Amino acid sequence: MKSSFNPYNPGAGTPPPELAGRDPLIDHARTAIERVKNGRSSKSFVMLGLRGVGKTVLLNEFEQLAESQGCQTAMLETDPDKPLAAQLAPLLHRVLLRLDRVKKAGADLNNAFGALRAFAAAFKVQLGDLEFGLVSAPATGDLVIDLTDLFVAIGEAAKKRDSAVVLLIDEIQYVQKGDLGALIMALHKISQRQLPVLLFGGGLPQLAKLAGDAKSYAERLFDYPPIGALDEQSARQALAAPAERESVRYSEDALDYVIAQTGCYPFFLQVWGSHCWDAASKSPITLADAKRASANAIAALDEGIFKVRLARLTERQKAYARAMADFGPEPVNSSDVATALGLSLSQAAPIRDELIKKGMAYSPERGLIGFTVPKFDEYLRRAMPNKKGKAS
Ligand SMILES: Nc1ncnc2c1ncn2[C@@H]1O[C@H](COP(=O)(O)OP(=O)(O)O)[C@@H](O)[C@H]1O
Ligand SMILES: [Mg+2]
């Protein structure tokens, strides 16, 4: 059918035509925002899930929710190569400028601008003109202390303006370890004082462990809702509803087939939906259309994101990943991978860590290692059939 009417939206962070199956998380966020806005305590949360499950899409949704409630938002996609201070300062600057527009400068806002200026100086961050701001005490250069002071000052300014500040941090697993500890400490202080600052995060599933290491009470301070494949009914809706709006139906067996092929993973639902649309010549989309679409979808993924991901690996990382792939889609014991490679655990561990650092693999718990993208194991077995680590 005509590509120009294709309703599906595969891509990183691209809004789906039907945001299916996420109402509980959205309601959770809405309640948290409303509570914090009304001066009540509210728990920050960090969604943990593999790539392509819809974390970024939800963070964007929460940002809109917060804005529509009159909150000031700061959205950060974490850059693994930059310290948190350098990434946060410009966003917090923008928040302060917007709070200033809500109600003109008072002592509280001057104080917050002053804290930001001191913070920026201590961490050598260039900001635009900080024309406001008292000359406040210089920051200490210790992120735990300075970020806490800054959050408190911003929280107080927001509170005076009946507003709230909502931080949205994507790819939060890339926040450097000490920085994550500081972030958690600062939010801890904020929650003790019931100031209106809230964090929503998204990241790969090893994060809870990272945060746990960073500060032991992190587990109590945040919720870590897991986010994964959709339930089957929501997956059907994600596929069928966008087509229906274009007066196109799926036959029952076609829908069953696509559901099975995608494992109900949001990104794959968009990819398969899009290929089904292109493969069918008219409504309804039949099983035969869906089968052709599925072959095309797999070929497109192989030539696209999977190939790109594989190309980012060194030879020894490829060999490690290929050995993992033999164990199937679920996380596997890294000692088994080492054995399969004929390496000792300590020889294999650095390779495993490189894969984690590149965001290709994650460790759901000590000793286990899994791929961050569903179906990547299948791809590796297809692309490297001879196991030797050589792509064919
Ligand atoms: N609830 C959903 N229903 C249908 N499609 C979704 C849903 N959430 C996300 N998607 C689609 O999945 C893809 C990946 O979403 P994204 O937010 O980038 O995932 P993540 O950030 O977890 O890697 C996008 O194409 C998006 O449109
Ligand atoms: Mg994302």
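Just follow the structure's listing: the first ligand is 1, and inside any ligand the first atom is 1. Computed from a prediction, not measured in an experiment: that's the story for all the values here. Basis for what follows: all heavy atoms, side chains included, without hydrogens, waters or symmetry-related copies.
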Neighbouring residues of ligand 1, heavy-atom cut-off under 4.0 Å = N9, P10, G11, A12, G13, T14, P15, P16, E18, L19, A20, R22, L50, R51, G52, V53, G54, K55, T56, V57, L230, A238, P266, F267, Q270
Aromatic ring centroids of F306 and F376 under 6.0 Å?
-> yes
So, do E171 and L76 sit near enough that their side-chain heavy atoms are less than 4.5 Å apart?
-> no
Can you find a pair of side-chain heavy atoms, one from S294 and one from Y257, that are under 4.5 Å apart?
-> yes
L183 reachable from I145 in the ILVMFWY side-chain graph, under 4.5 Å edges = no
Are any of the side-chain heavy atoms of F200 and I33 separated by less than 4.5 Å?
-> yes
Would you indicate whether R245, at its atom CZ, is surrounded by more than 12 heavy atoms from other residues, nucleotides or ligands within a distance under 6.0 Å?
-> yes
